[in-house]
Structure formats: C-alpha cells, structure tokens
Amino acid sequence: MDFHRTGASVLSISQWQDIVAMAKQENKLIFLDAYASWCGPCKWMAANMFTNDTIADYYNKNLYLRQF
C-alpha cells in the first residue's frame, strides 16, 4: 500500500515505543488523535473541543497526547 498516495501517515514501531514509554513515565493513558483534513468530525473537534480550556486542561493533565 502506498501511504503517500492516500495522504495517510503511520507511526513507526520506534515512535510507538517512545509514546508508550513517555505515557508510562508520566503515568497517563495515551490519546492518539488521528486527524484528517477531509474529516468533518476531526475539524469540529479541533475547533470546538480541543480549544475549550476545561477540556484542554483535563486532557493535558490526564492523557499523553499525540496527533498523526
């Protein structure tokens, strides 16, 4: 499969291992945001959820966040 043609990005095994290690070190759950420019719900979440201070504070305190 040609991921460049579809515009998709994937995490390498070493990137995933780094994410898991950092989450364990910070004692947090992992939140992976699989954003796509064509995804309506993705755009809504970015504009309405992730910009809300209450939600952002909760996510930052409790979750190890990564977007790909």
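Lys43 contributes a side-chain N or O that, together with a main-chain N or O of Ser37, makes up a donor-acceptor pair within less than 3.5 Å. For Lys28 (side chain) and Asn60 (main-chain N/O), a donor-acceptor pair under 3.5 Å exists by modelled atom type.
What you find for Thr51 and Ala46 is that their closest heavy atoms are CG2-O, 3.3 Å. Cys42 approaches Ala34 most closely through the heavy-atom pair SG-O, 3.9 Å.
The structure places NZ of Lys61 at 14.0 Å from CD of Glu26, a figure rounded to the nearest 0.5 Å. Rounding to the nearest 0.5 angstrom, the gap separating the CZ atom in Arg66 from the CD1 atom in Ile19 is 6.5 Å.
Think of Leu65 as one node in a network of Ile, Leu, Val, Met, Phe, Trp and Tyr side chains linked at under 4.5 Å; its network also takes in Leu29, Phe31, Trp44, Met45, Met49, Phe50, Ile55, Tyr58, Tyr59, Leu63. With a 4.5 Å cut-off between side-chain heavy atoms of Ile, Leu, Val, Met, Phe, Trp and Tyr, the cluster of Ile13 takes in none.
Side-chain contact, Gln15 with Ser12: a donor N or O sits under 3.5 Å from an acceptor N or O.
Surrounding CG of Asp57 are more than 12 heavy atoms belonging to other residues, nucleotides or ligands, all under 6.0 Å away.
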